[in-house]
Amino acid sequence: MRWSRQLLPTLREAPLEAEIPSHQLLLRAGLARRLGAGLYTFLPAGLRALRKVEQIIREEMDRAGALEVLMPALQPTDLWARTGRLETLRDVMFHVRDRQERDLVLGPTHEEVITDLVAREINSWRQLPRTFYQIQTKFRDEIRPRFGLMRAKEFIMKDAYSFDADEAGADASYRAMYSAYERIFQRCGVRTKAVEADTGAMGGKSSHEFMVLAESGEDGLVECERCAYAANRERAESATAPRIEWPEDRAPAEIVATPGARTIEQVSQYLDVAPSRLVKTLIYLADSRPIAALVPGDRELNEIKLRRATGAEALTLADDATIERVTGAPVGFAGPIGLNVPIWADLWLRGGRGLIAGANRADAHVVHVDFERDVGELAFADLAFARGGDPCPRCSDGVLREQRGIEVGHVFRLGTKYSRALGAEFLDESGVRKPVIMGCYGIGVTRTLQAVIEQNRDEQGIRWPISVAPWSVEVVVVNLQNAACVETGERLYAELGAAGLDPLLDDRDARPGVKFNDADLLGLPFRVTVGERSLARGVVEIRRRAGGDVVELPPAEAVTWLVGQVRKGLEG
RNA sequence: CGGGGCGUGGCGCAGCCUGGUAGCGCAACAGCUUUGGGAGCUGUGAGUCGUGGGUUCAAAUCCCACCGCCCCGACCA
């Protein structure tokens, strides 16, 4: 490809809209352009890189035995009603209506469609197991699209679905996808970490997320410094018996005045005690019934954990009126003592003494609280978010460390949630009708592309891994007025193309500095500089974008050398 | 959805407070010079000032409504 005939609009400055480095580079290197909030056009260079990511995914899915299909983005609403997700996913789906006034949605994911297909087409244990996948456009009405391709309203996803006759088979399918994912991300040149995750709206039994570690990541995760434990912050467990040194405070509970001190910060300042000695009392409505949830004052309640502990379907923070009715006090003075609703307390409060809690009375708190002595019936559960510095829940002496990551893949064990709802059943060897056991597996293809950039860059621009670079080699003709430069550059370009290396020729009539800076910005793995200076010595310069190391070779040898390097790079 | 900010040639912005000829830098185009890390000179083209309404002799500027975009937050105690 010749630069002069390509649409490769590089930008000197990062547009204001771009916040994180990969988003800025996406725009500056001329890979994509924004149409509207969360909507992007891929320009030729960006599309080439995207297609390479897709191809890697396709090869690894095929290698793992998955079968490629293509399902419609436009889907009948009633299919979604059958699994209950028309309601749970209502707000994230785009709803449309056709001229017959039929209600349709633009698919945010495809469990319903694929399970419906399997329900129709698979009837016997002899047809199992099967795993299907597609690479297709998804639509999600994100609350706040952000960071370019990272969180878009329309994006490309690889989604796969496995169908098995029994648990052992489902496990094998899950493991096959898990290891395919490891290979995919490794081949794309991103380092990922698999972490335990919450299954969220997908439902099912358990899941792992593949995280690209990055400062700009939207997800928090914790990992043990000693053992293999790693989990999304939403999911991370606390150690069952955290070691806490409680103060030797045996004084009887006592009500003290705390005028106007409603928040943890205010109370802790007013009484001059650390927030960790305070009890944070939250009133929730669990399936419309009020409950109290207690966590240490310096910790955050994890609603996912509270929902799991209580078994509630719907969990919402109580409104002010309910709080006042339940506690008999204005908001800000709730406490566990004398509270007449079910109480759930975080593990970190077990055995707590010398604590401070709301008095269920305006402008008052209780001090010297001893949980076992002063609070009536309550249940302990893991309720708070885990955080860095906490003991590891799996090994004896490990400590958790916090990191940020970009979720590029997610694998789920779904069980029979969808197969039961949609009648995907088969006859087993003894003629018994059973629901198929499912798994589902997603990769954000467009997000992965941007994650590659986020993790492979420097001050000058992108440093594409060979496997997904839009082109593998850029030939820079330094001076178009110099016939020898032009001729050598053209010949190299032709020979590289003939050797199968998809080169990019910068044949623009621009200053050398402009071309060099653009080459660094676009970041193709190799740059061949054809200039008078080196040509006078009978060589061209080959510079590796990643390491910056330079090799000088006669033009005739350059092609062979590059072919070898690219091949080696793709294998490694 | 709540809060904040911004909409002025392709991009980045000034002008608005205090109403009176629409500007600057970059980019683009033409010519000449220049050619190993974002060149110089000369010239040229390009803007219904987000949209609609109002006030006024006169609106980019003041008022109202709407639209779009960006940031923060969204049960965060």
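So that the names make sense, note that chain A is the first sequence line, chain B the second, and so on, each numbered from 1.
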Can you run down the ring pair (Phe, Tyr, Trp, His ring centres under 6.0 Å) pairs that involve residues 254-294 of chain A, sequence neighbours left out, and say none if there aren't any? none
How many Å lie between CG on Leu27(A) and C1' on C69(B), as a whole number? 14 Å
List the residues meeting ring-ring contact (aromatic ring centres under 6.0 Å, His included) with His23(A), not counting sequence neighbours, and say none if there are none. none
Is it the case that Arg90(A) and Thr88(A) place a side-chain donor and acceptor less than 3.5 Å from each other? no
Quick one, give me the B/S/- string for nucleotides 72-77 of chain B, reading 5' to 3', where B means a protein heavy atom under 4.0 Å from the base and S means that only happens at the primed atoms, P, OP1 or OP2. BSBBBB
Taking atom C1' in both G25(B) and U35(B), compute the distance separating them and give it to the nearest angstrom. 25 Å
In whole angstroms, how far is the C1' atom of G25(B) from the CG atom of Leu11(A)? 16 Å
I need the CG-P distance between Asp506(A) and G36(B), as an integer number of Å. 15 Å
Expressed in whole Å, how much space separates the P atoms belonging to C32(B) and C24(B)? 27 Å
Cation-aromatic face contact Arg299(A)/Trp348(A), 6.0 Å, 45 degrees: yes
Indicate every side-chain donor-acceptor pair of residues 377-389 of chain A with a distance under 3.5 Å to a residue at least two apart or in another chain.
unit_1	atom_1	unit_2	atom_2	d
Asp382(A)	OD1	Ser238(A)	OG	3.3
Asp382(A)	OD1	Lys305(A)	NZ	3.0
Asp382(A)	OD2	Ser238(A)	N	2.9
Asp382(A)	OD2	Lys305(A)	NZ	3.3
Arg387(A)	NH1	Asp298(A)	O	2.6
Arg387(A)	NH2	Asp298(A)	OD2	3.0

Under 6.0 Å from the six-membered ring centre of Trp3(A) and within 45° of its axis: does the NZ or CZ of Arg508(A) meet both? yes
No-H, no-angle donor-acceptor pair, Asp518(A) side chain to G38(B) base, under 3.5 Å: yes
Using purine N1 to pyrimidine N3 plus N6-O4 or O6-N4 for Watson-Crick, or N1-O2 and O6-N3 for G-U wobble, each under 3.5 Å, what pairs with C75(B)? none
Distance check, C1' atoms only: C17(B) and A60(B), in whole angstrom units. 14 Å
For Ala469(A), does its backbone N or O pair with a side-chain atom of Arg48(A) as donor and acceptor, under 3.5 Å? no
Is the closest side-chain donor-acceptor distance between Arg544(A) and Gln565(A) under 3.5 Å? yes
In whole angstrom, give me the gap between the C1' atoms of A77(B) and C63(B). 41 Å
Can you name the atoms? Protein N/O to nucleotides 31-34 of chain B N/O, anything below 3.5 Å, with the distance.
unit_1	atom_1	unit_2	atom_2	d
U34(B)	O2	Arg511(A)	NH1	2.7

The Watson-Crick or G-U wobble partner of A27(B), with both key distances under 3.5 Å, is none
Polar pair under 3.5 Å, donor/acceptor by atom type, side chain Arg527(A), base G37(B): yes
Using atom P of each nucleotide, how far apart are C69(B) and U56(B) to the nearest Å? 35 Å
Before accepting this row, confirm whether a basic side-chain N of the pair Arg457(A)/Asp520(A) lies closer than 4.0 Å to the acidic partner's carboxylate O. no
Got a list of protein N/O to nucleotides 2-11 of chain B N/O distances below 3.5 Å?
none

Check if the side chain of Glu532(A) and the base of G36(B) share a donor-acceptor pair of N or O atoms closer than 3.5 Å. no
Residue pair Thr77(A) / His95(A), side-chain donor-acceptor N/O under 3.5 Å: no
G37(B) P sits how many Å from Leu522(A) CG, rounded? 20 Å
To the nearest angstrom, how far is Asn479(A) atom CG from A39(B) atom C1'? 13 Å
Can you tell me the Watson-Crick or wobble partner of A39(B), both distances under 3.5 angstrom? U33(B)
Does any nucleotide pair with G52(B) by Watson-Crick or G-U wobble geometry, both distances under 3.5 Å, and what is it? C64(B)
Are the side chains of Asp506(A) and Val475(A) in contact, using a 4.5 Å heavy-atom criterion? no
Please measure how far the P atom in G40(B) lies from the corresponding atom in C13(B), and state the result in whole Å. 23 Å
Using the P atom in both, what is the distance from A46(B) to G36(B), to the nearest Å? 36 Å
Taking atom P of G37(B) as reference, at what distance in whole Å does atom CZ of Arg12(A) sit? 14 Å
I'd like the C1' distance from C49(B) over to G15(B), given in whole Å. 11 Å
Quick check: does any side chain N or O of Glu454(A) sit under 3.5 Å from a backbone N or O of Ser22(A), one acting as donor and the other as acceptor? yes
